[in-house]
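Because only heavy atoms are used, hydrogens play no part in the values below, and waters and symmetry mates are left out as well, while side chains stay in.
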Amino acid sequence: MADDVINEIVATVLEVTAKAGQRVEVGDTLVLLESMKMEIPVLAEDAGVLDEVRVNTGQVIQAGDVIATYRR
């Protein structure tokens, strides 16, 4: 079963800390975002393996954009 990690706010990607093929556990940081001068980590909500990370450092992303996909 594949799940998407969806962005909730307009933000700039400061750092991508996860990569495709990586196993993640609940609470692992996938990317670090910046919005309104605040740093916001995007955390894995479930354990699984990342199929794809769809953002890059420096990219501006919108609410509703898919950050990553993974399977449990």
Notebook entry, point to check: For Leu33 and Val55, what are the C-alpha separation, side-chain angles and deciding distance, and is it a side chain to side chain contact (heavy atoms under 4.5 Å, CB included)?
Noted result: CA-CA 11 Å; Leu33 303 177; Val55 298; over 6 Å; no
Next item on the list: Answer yes if Val13 and Ile9 sit in the same cluster of Ile, Leu, Val, Met, Phe, Trp and Tyr residues linked by side chain heavy atoms under 4.5 Å apart, and no otherwise.
Entry: yes
Checklist line | Nearest heavy atoms of Glu25 and Arg23, plus distance in Å | finding: OE2-NE, 3.4 Å
Would you mind writing out the side-chain donor-acceptor pairs for residues 39-53 within the sub-3.5 Å range, not counting sequence neighbours?
from	atom 1	to	atom 2	distance (Å)
Asp46	OD2	Tyr70	OH	3.1
Asp51	OD1	Arg71	NE	2.6
Asp51	OD1	Arg71	NH2	3.3
Glu52	OE1	Arg54	NE	3.2

Next item on the list: Could you tell me which residues satisfy side chain to side chain contact (heavy atoms under 4.5 Å, CB included) with Glu8, sequence neighbours excluded, listed by chain and number?
Entry: none
Check: Can you check whether Leu30's main-chain N or O pairs, donor with acceptor, with Thr17's side chain at less than 3.5 Å?
Finding: yes
Notebook entry, point to check: If you look at every heavy atom in Gln62 and Asn7, which pair is closest and at what distance?
Noted result: O-ND2, 2.9 Å
Check: Between CG of Asp28 and CD of Gln22, what distance do you get to the nearest 0.5 Å?
Finding: 7.0 Å
